[in-house]
Amino acid sequence: MSPARPKRRKNQTPADPREAAVAHLRALDPRWAPILDVVGPCTFEVRPDRFGTLVRAIVGQQISAKAAASIDKRVRDLAGEKHEPAALLALGEEGLRSAGLSGVKARYILNLSRAVEEGAVPLDEVHTWDDDAIIAALTTVKGIGAWTAEMFLIFALGRLDILSVGDLGIRVGLRNFYGLEAMPTPKECRELAEPWRPYRTIAMWYLWQQIDAPRDAKTKAQAEAIAEEESERQIIVADRPKRTQ
């Protein structure tokens, strides 16, 4: 007689990790309730186009979402609807600059395109790597720093526990969430968001949505004003990969 099969443990976590994240945040801190209620269900989804996600992240470095979307559209009008390394390399620096990119960002996109085209950054394999390994690989490409790599982890791979302390919108969101007088430093951001583990990505998504909501136009304007004050020199310093010895 064969032994009885053990009963399966019932899964108490919602099948959708976004629902689990919302439940976690709601139970964690009452300050989440009005944000969750106004924004509504989490509709965050992974983008299947990994290379395009990186290109859009470079375009969006240190500028407002509205400006980034406009420039990205012009790039796609010139090089094709789906971002492809070969098409962007063919467009070249002058072509990319004609779409509204700075010379620095145009070169960043060309650096990425060459790295992917030559197989130095295997985008079709990185989903099996851990977060730190992916960031390390991506930041070997000049023009991809921590923020850009984090956006890739979030939007291309759907990693649920990423906190981007270099994102201006998140810093504004954290300041407003906790009622701080000054913008939190990166170290303070990590400390403030520590309780949100293991769903810091979803928490960031809600903060972004809150800033983008029409009802919160003042906060959105503040975030965009901060971004637009950044000069190209600051962009280079903030998102330049560290040199390897």
Side-chain angles (χ1 to χ4, degrees), residues 14 16-47 50 53-54 56-66 68-69 127 130-132 134-135 138-139 144-180 182-216 219-224 226-227 230 238-239:
D16 188 337
R18 297 172 298 183
E19 294 179 10
V22 169
H24 171 74
L25 295 174
R26 191 180 293 277
L28 180 70
D29 191 324
R31 284 172 288 202
W32 275 112
I35 299 173
L36 299 172
D37 292 342
V38 170
V39 175
C42 179
T43 57
F44 164 73
E45 293 182 349
V46 176
R47 300 169 183 166
R50 295 180 182 181
T53 298
L54 281 172
R56 285 186 290 272
I58 292 174
V59 171
Q61 289 172 5
Q62 303 291 340
I63 63 174
S64 69
K66 182 178 179 181
H127 60 280
D130 65 27
D131 296 344
D132 290 340
I134 295 169
I135 291 173
L138 290 176
T139 54
I144 296 183
W147 180 86
T148 306
E150 288 158 355
M151 295 305 104
F152 179 79
L153 289 171
I154 293 168
F155 293 108
L157 300 185
R159 300 291 169 93
L160 293 176
D161 195 33
I162 304 300
L163 178 71
S164 183
V165 297
D167 187 272
L168 292 167
I170 295 307
R171 293 178 66 199
V172 170
L174 278 163
R175 183 195 64 186
N176 293 346
F177 185 88
Y178 286 105
L180 306 175
M183 198 77 73
T185 65
K187 181 177 182 294
E188 290 169 338
C189 288
R190 293 187 188 94
E191 293 171 351
L192 291 168
E194 184 65 21
W196 303 347
R197 287 180 179 274
Y199 299 113
R200 291 178 299 173
T201 294
I202 303 303
M204 287 207 309
W205 185 87
Y206 271 98
L207 293 182
W208 279 324
Q209 298 305 307
Q210 182 192 35
I211 289 174
D212 286 339
R215 68 178 184 83
D216 205 11
T219 302
K220 181 178 179 180
Q222 289 173 341
E224 292 186 351
I226 293 169
E230 298 290 334
D239 213 26

Trainee: Search all heavy atoms of S164 against all heavy atoms of M204 and return the closest pair with its distance.
Mentor: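 In this case the closest contact between S164 and M204 is N-SD, 3.3 Å.
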Trainee: Among V46, I202, T201, whose side chain to side chain contact (heavy atoms under 4.5 Å, CB included) with I154 holds?
Mentor: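 The side chain to side chain contact (heavy atoms under 4.5 Å, CB included) with I154 is passed solely by T201 among V46, I202, T201.
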Trainee: Looking at E191 and K187, is there a salt bridge between them, counting it only when a charged N and a carboxylate O are closer than 4.0 Å?
Mentor: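 Salt bridge flag = yes for E191 with K187.
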Trainee: Atom SG of C42 and atom CG of L36: how far apart are they, to the nearest 0.5 Å?
Mentor: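 Taking SG in C42 and CG in L36, the distance rounds to 9.5 Å.
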Trainee: Taking it one step at a time, do I135 and L153 satisfy side-chain contact (heavy atoms from CB on, under 4.5 Å)?
Mentor: CA-CA 8 Å; I135 291 173; L153 289 171; 3.8 Å; yes
Trainee: Given side chains that start at C-beta, do those of F177 and L192 come closer than 4.5 Å, heavy atoms only?
Mentor: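 Of all side-chain heavy-atom pairs linking L192 with F177, none is under 4.5 Å.
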Trainee: Between CG of L163 and CD of E194, what distance do you get to the nearest 0.5 Å?
Mentor: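 Atom-to-atom, L163:CG and E194:CD are 9.0 Å apart.
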Trainee: Quick check against the 3.5 Å criterion: does D29 have a side-chain atom that pairs as donor or acceptor with the backbone of W32?
Mentor: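 Side chain of D29 to backbone of W32, a donor-acceptor pair under 3.5 Å: no, none is there.
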Trainee: Say whether, by atom type as modelled, one donor and one acceptor occur between the side chain of R18 and the main chain of F44 under 3.5 angstrom.
Mentor: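 Between the backbone of F44 and the side chain of R18 there is a qualifying donor-acceptor contact (under 3.5 Å).
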Trainee: What is the minimum heavy-atom distance between L174 and P184, and which atoms define it?
Mentor: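 Closest approach of L174 to P184, heavy atoms only: CB-CG, 4.2 Å.
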Trainee: Is the side chain of H24 donor-acceptor paired with the backbone N or O of R197 at a distance under 3.5 Å, no angle test?
Mentor: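 Side chain of H24 to backbone of R197, a donor-acceptor pair under 3.5 Å: yes, one is there.
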Trainee: Between C189 and V165, what is the shortest heavy-atom contact and its length?
Mentor: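 In this case the closest contact between C189 and V165 is CB-CG1, 3.7 Å.
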Trainee: Parallel, tilted or perpendicular: which one describes the rings of Y178 and W196, with boundaries at 30° and 60°?
Mentor: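 Y178 vs W196 ring planes: parallel.
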Trainee: One pair to check against side-chain contact (heavy atoms from CB on, under 4.5 Å): D161 and Y199. What are the steps and the verdict?
Mentor: CA-CA 5 Å; D161 195 33; Y199 299 113; 5.8 Å; no
Trainee: When rounded to the nearest 0.5 angstrom, what is the spacing between CD in Q61 and CD1 in I144?
Mentor: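 Between Q61 CD and I144 CD1, I get 8.0 Å after rounding to 0.5 Å.
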Trainee: For the residue pair G173 and I211, what are the closest heavy atoms and their distance?
Mentor: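 Between these two residues, the closest heavy atoms are N-CD1, 4.1 Å.
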Trainee: Donor-acceptor check, side chain of E188 to backbone of T185, threshold 3.5 angstrom: yes or no?
Mentor: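 Checking the backbone N and O of T185 against the side chain of E188, a donor-acceptor pair under 3.5 Å is found.
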Trainee: Go through it in stages, so that I can follow the logic: the residues are L157 and D131, the test is side-chain contact (heavy atoms from CB on, under 4.5 Å), and I'd like the CA-CA distance, side-chain angles, deciding distance and then a yes or no.
Mentor: CA-CA 10 Å; L157 300 185; D131 296 344; over 6 Å; no
Trainee: Is any side-chain heavy atom of L168 less than 4.5 Å from a side-chain heavy atom of Q62?
Mentor: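 They are in contact (side-chain heavy atoms under 4.5 Å apart), so the answer is yes.
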Trainee: List the atom of A57, the atom of M151, and the distance in Å for their closest heavy-atom pair.
Mentor: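 So the two residues come closest at CB-CB, 4.2 Å.
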Trainee: For a side chain to side chain contact (heavy atoms under 4.5 Å, CB included) with R56, tell me which candidate from T53, L54, I58 qualifies.
Mentor: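 Result for side chain to side chain contact (heavy atoms under 4.5 Å, CB included) with R56: T53.
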Trainee: Between Y206 and V22, does the side-chain contact (heavy atoms from CB on, under 4.5 Å) criterion hold? Intermediate values first, please.
Mentor: CA-CA 10 Å; Y206 271 98; V22 169; 3.5 Å; yes
Trainee: Tell me, please, which residues at least two apart from R26 pass salt bridge (Lys or Arg N to Asp or Glu O under 4.0 Å).
Mentor: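 Expected list: D37.
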Trainee: Could you pull out the closest heavy-atom pair between P17 and L160, with the gap in Å?
Mentor: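 Looks like CB-CD1, 3.6 Å.
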Trainee: Just how far is it from atom CE of M183 to atom CZ of R171, taken to the nearest 0.5 Å?
Mentor: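 Answer rounded to 0.5 Å: 5.5 Å.
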Trainee: If you measure from CZ on R200 to CG on L207, what distance do you get to the nearest 0.5 Å?
Mentor: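 Separation between the atoms: 13.0 Å.
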Trainee: When rounded to the nearest 0.5 angstrom, what distance separates CD in E150 from OG1 in T139?
Mentor: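 It is 10.5 Å, given to the nearest 0.5 Å.
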